[in-house]
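So the structure is just underneath, and the comments pick up after that.
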Amino acid sequence: MANRRVLVKRRKAVRNIRKITKTMQLIATSRFQKAFKRAVDSKPYSEKLGELVNDLSRAAGSTDHPLMQTHDDADRSALIVITSTRGLCGGYNSNVLRTAIEHIDRQTDTGGGKSVDVTMVGTKGRNYFRFLKREMADQILDLGDTPRFDAIEPIANRLIERFEKGEISSVNVAFMQFISTSRQRAGVIQLLPLSSESNDDGETSTEGVGRQAEYEFSPEPEQLLGDLLPASVRMRLFQCFNDAVVSEQVSRMVAMKAATDAAGEMITALTQQYNRARQSHITMELLDIIGGAAAIE
Amino acid sequence: MASAEAFHCSVVTPERAILDSETIGPVQFVAFPAHDGEVGIMPQRAPLLCRLGSGVLRVKTADATHRFFIDGGFAQMVDNKLTLLTEQARAETELDRDSVLKELEEARAMSVEGGGHAERQAAIRRAQEQLKLTPERR
């Protein structure tokens, strides 16, 4: 008897959870679409920026911009770790954090004992680093679901400034790269120094050689390039954030779908168990009655 | 519309494309604030690459003029196509006078100690430019 009531209760609880996870899945889906749209909307800017960088570096000849120089003598480097503020998104945060920690350990152990200034984005990562008693130089917790460019810009500017001063040897970003809806990869990319290869990003997509416009420059190409490169660094960081948000929503979607499915299976199993318990109870009662009747005769 | 009298213009920010000739139609004239003063662009202009300052951007199409406040960025004119890349662009309709006035107050109140004079001037100028886009109501 008691057993049956417990089963009913559990089934009810699982049903409620399924309702919640189902809703969360739907919410994540709509957030994903929104985030994805934002990521797509930011494409024209970055493509154009890449094109301009290409046109300019051609015009300016050899480029020796401070952002492209390496500062190997500096004993610090910076790492931005992008995690989420909310949980329930599967392995999203742990994957990012694992990659980040691997990167930090590599820098501190084999990289000649370099210390890493960690800029932690998102509550989840902060809590984890606190738990591990690892140091964080900076924490950014209030970006929300839709990182605005205005919010990213100061972060990038601060790092650019420190890099130009030679305080840090490199700036890296650890985040979940969005490859496709079914594939995301936690990775660390190098933001600074700008490698010349990252400048070529745009070249494959634009008709680089076909359109050799003789531009009129104002101010001089070298100066323009000097302004353009920081802008492209800011943009790349912004895209990292966009990518991270999209991946987060995908992870949550997948995690919630799995949870909903699992809850469904559990309900089936519980219902089966409940029916069996009820049936055996009825059989037992019948046996009682029949046994009693037989005893009277 | 003949391409000789109009050209393609788009304004993009890191977050989205805020204006594109595909939606508003070809434009006839654009004036934007360059780093060293205002620059006007007519159709078939020679290729130009230039840095933007802060100020008012005007985009004139056959039937309307769109105004924006932009702050820094780059302009590229090539193949009769003008692209403005800017990190901040606000449409006329997005600005409201009260908040701009407040921004101006804040800019005026900025401390100039420790070489902040140029920053203060720039902030004041930015606010004043935005003020131009928000005429007093009635």
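Heavy atoms only: backbone and side chains are in, while hydrogens, waters and symmetry mates are out. Every chain is numbered from 1 and lettered A, B, ... according to where its sequence line falls, protein lines coming before strand lines.
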Check against side chain to side chain contact (heavy atoms under 4.5 Å, CB included), B:Glu15 and A:Phe238: CA-CA 9 Å; B:Glu15 287 178 15; A:Phe238 181 60; 3.6 Å; yes
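- Summarising the geometry, atom OG1 belonging to B:Thr83 is positioned 12.0 Å from atom OH belonging to A:Tyr45; distances are rounded to the nearest 0.5 Å.
- Taking a 6.0 Å sphere around CZ of B:Phe29, one finds it holds more than 12 heavy atoms contributed by other residues, nucleotides or ligands.
- No side-chain heavy atom of B:Pro47 sits less than 4.5 Å from a side-chain heavy atom of A:Glu214.
- Looking at A:Glu153, only its side chain comes within 4.5 Å of chain B, counting heavy atoms on both sides.
- Within a 6.0 Å radius of CD in B:Glu119, other residues, nucleotides and ligands contribute 12 heavy atoms or fewer.
- Contact of B:Thr86 with chain A is made through the backbone alone, with heavy-atom distances under 4.5 Å.
- Both the backbone and the side chain of A:Leu49 come within contact range of chain B, with heavy atoms under 4.5 Å apart.
- With a 4.5 angstrom heavy-atom cutoff, A:Arg148 touches chain B via backbone and side-chain atoms both.
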Residues B:Thr13, A:Phe149; criterion side chain to side chain contact (heavy atoms under 4.5 Å, CB included); working and verdict: CA-CA 9 Å; B:Thr13 65; A:Phe149 188 76; over 6 Å; no
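- Within the model, atoms CD of A:Glu47 and CG of B:Leu85 stand 11.5 Å from one another, a figure rounded to the nearest 0.5 Å.
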Candidate pair B:Gln76 and A:Tyr215, rule side chain to side chain contact (heavy atoms under 4.5 Å, CB included), full reasoning: CA-CA 9 Å; B:Gln76 181 204 32; A:Tyr215 284 109; 2.6 Å; yes
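- Most heavy-atom pairs under 4.5 Å with chain A, from the set B:Cys50, B:Ala34, B:Pro14: that is B:Pro14.
- When the shell of 6.0 Å around CE of B:Met42 is examined, it contains 12 or fewer heavy atoms from other residues, nucleotides or ligands.
- Atom CZ in B:Phe74 sits 7.5 Å away from atom CG in A:Leu52 (nearest 0.5 Å).
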